[in-house]
Amino acid sequence: MIIVMLDQGDRRLFQPPSEKTFGMDRTGRADAEFAISKLGDKAAKLVLAAPLMHFGQWLGWPDELFEGTSLTETGSLPAKISLADALIFVGNVIDRDDSFALVERLLFSQRPVLGTTWVLALLHAPNLGLVMQVLVRAMVAQNPFLIVHYHEEEETSQITFEPAWSMGPLFRFVAIGAIALVYRAVESIEAGNPAEMALATQLHDVPKAQSLLARFRCRIEPAKEMETLRWPKHWSLVANPYHDPLMWSMAQAKMLEIEYDTGDPEIIHKVRGFIVDMLQNEQRVPRIKQVAAHLGISIRSVVRQLARNDMSFHRLVEDERKARAIAVIADPSISLAEAAQRLGFGDVSTFGRWVKKCFGDTPNNLRKSRSSRAAMHR
């Protein structure tokens, strides 16, 4: 599977500046400001501030981290901030401190520097490969200046990061930080010896980065244009003994929320919104011809535009149903017949077969399992 942040049309918008302009001596703040100018309207979208909270706390929240942002209060960050403010904040972090030392802390902090969605996915996904798919989607939604790929080859799985245009310290910091989080996630699965992993990085010969690179317990290789972390493919397929179908579904639902909040392509946003409205207000799934009529375009146009964004109408319906299934199955006050109706199923048996296909068990067994776990934690 390959997930790409920007298509080729997007990339042509970002004409790379000269290497002289974006050499190693470029400042993080200047890099951030240039990124904002390239992103245009995308820079105004809201992103989760949780990852930046750690940097602020580690550095003691100096006022200079907020210079150039629209944030009026220092000493902390709201739950969401604009991408522009996030980029300026990161640029200030890079220019103020040893950014490589901060990435080392990402590798060894007691509490994982992860958002709720990734923590849920890491703990409860069926396997590492599916964890990576959620991770890439999260990074894609939050970082439109990065091109992120996850794919599996015959013998290896790998995740790569490359800039959407020629970048200096901003890309180096964000990419190696993302690699550190991925490395820690892969290592935590304990699927094999970390020495079997390989990190290909442009920092290979950078003197200031040597202390950080030494902390990765894997092979370090030189790279030219992108940062890559590889591991044996069979690690990605090892079953997670702590897999919980409902908690995994919750992680996927939260991923949908992030993508929805941070700016789905317009066609996906509109189709998803129509599906949600029908499920909530009419308790049924719309037909694609109804969606087309609602949008005032042909069915073929809906299919083509969704496909252009690596999406289908069926997948959007299934995603929304799964996101809502968690709540209705876990709630004992809702009968299974009512749960089936709320999700747009005509009868309980069809609903039961769908749930078993999606979550690996019957609705009744899943409900009993959730009730037992809740009782244990009281």
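Predicted model only: the values in this text are computed from it and were never measured.
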*In terms of heavy-atom contacts, does CD of Glu73 have more than 12 from other residues, nucleotides or ligands at under 6.0 Å?*
no
Give a yes or no on whether a salt bridge exists between [X] and [Y], defined as a side-chain N under 4.0 angstrom from a carboxylate O.
{"X": "Arg230", "Y": "Glu196", "answer": "no"}
{"X": "Glu318", "Y": "Arg321", "answer": "yes"}
{"X": "Glu33", "Y": "Arg29", "answer": "yes"}
{"X": "Glu64", "Y": "Arg96", "answer": "yes"}
{"X": "Glu320", "Y": "Arg272", "answer": "yes"}

*Which word best sums up how the rings of Phe66 and Phe89 line up, parallel for under 30°, tilted for 30 to 60°, or perpendicular for over 60°?*
perpendicular
*asked:* Is the ring pair Phe345/Phe351 parallel, tilted or perpendicular, if the boundaries are 30 and 60 degrees?
replied: tilted
*Stepwise ring-ring contact (aromatic ring centres under 6.0 Å, His included) check, Phe173 with Phe55*: CA-CA 12 Å; Phe173 176 70; Phe55 299 138; 5.4 Å; yes
*Checking Asn127 side chain against Leu237 main chain: does a donor-acceptor pair fall under 3.5 Å?*
no
_side chain to side chain contact (heavy atoms under 4.5 Å, CB included), that's the test. Do Trp231 and Cys218 meet it? Break it down for me._
CA-CA 10 Å; Trp231 57 90; Cys218 65; over 6 Å; no
Using a 3.5 Å cut-off and no angle test, enumerate the donor-acceptor pairs between side-chain atoms of residues 198-205 and protein atoms at least two apart in sequence or in another chain.
| residue | atom | partner | partner atom | Å |
| --- | --- | --- | --- | --- |
| Thr201 | OG1 | Leu203 | N | 3.0 |
| Thr201 | OG1 | Glu227 | OE1 | 2.4 |
| Gln202 | NE2 | Glu227 | OE2 | 3.4 |

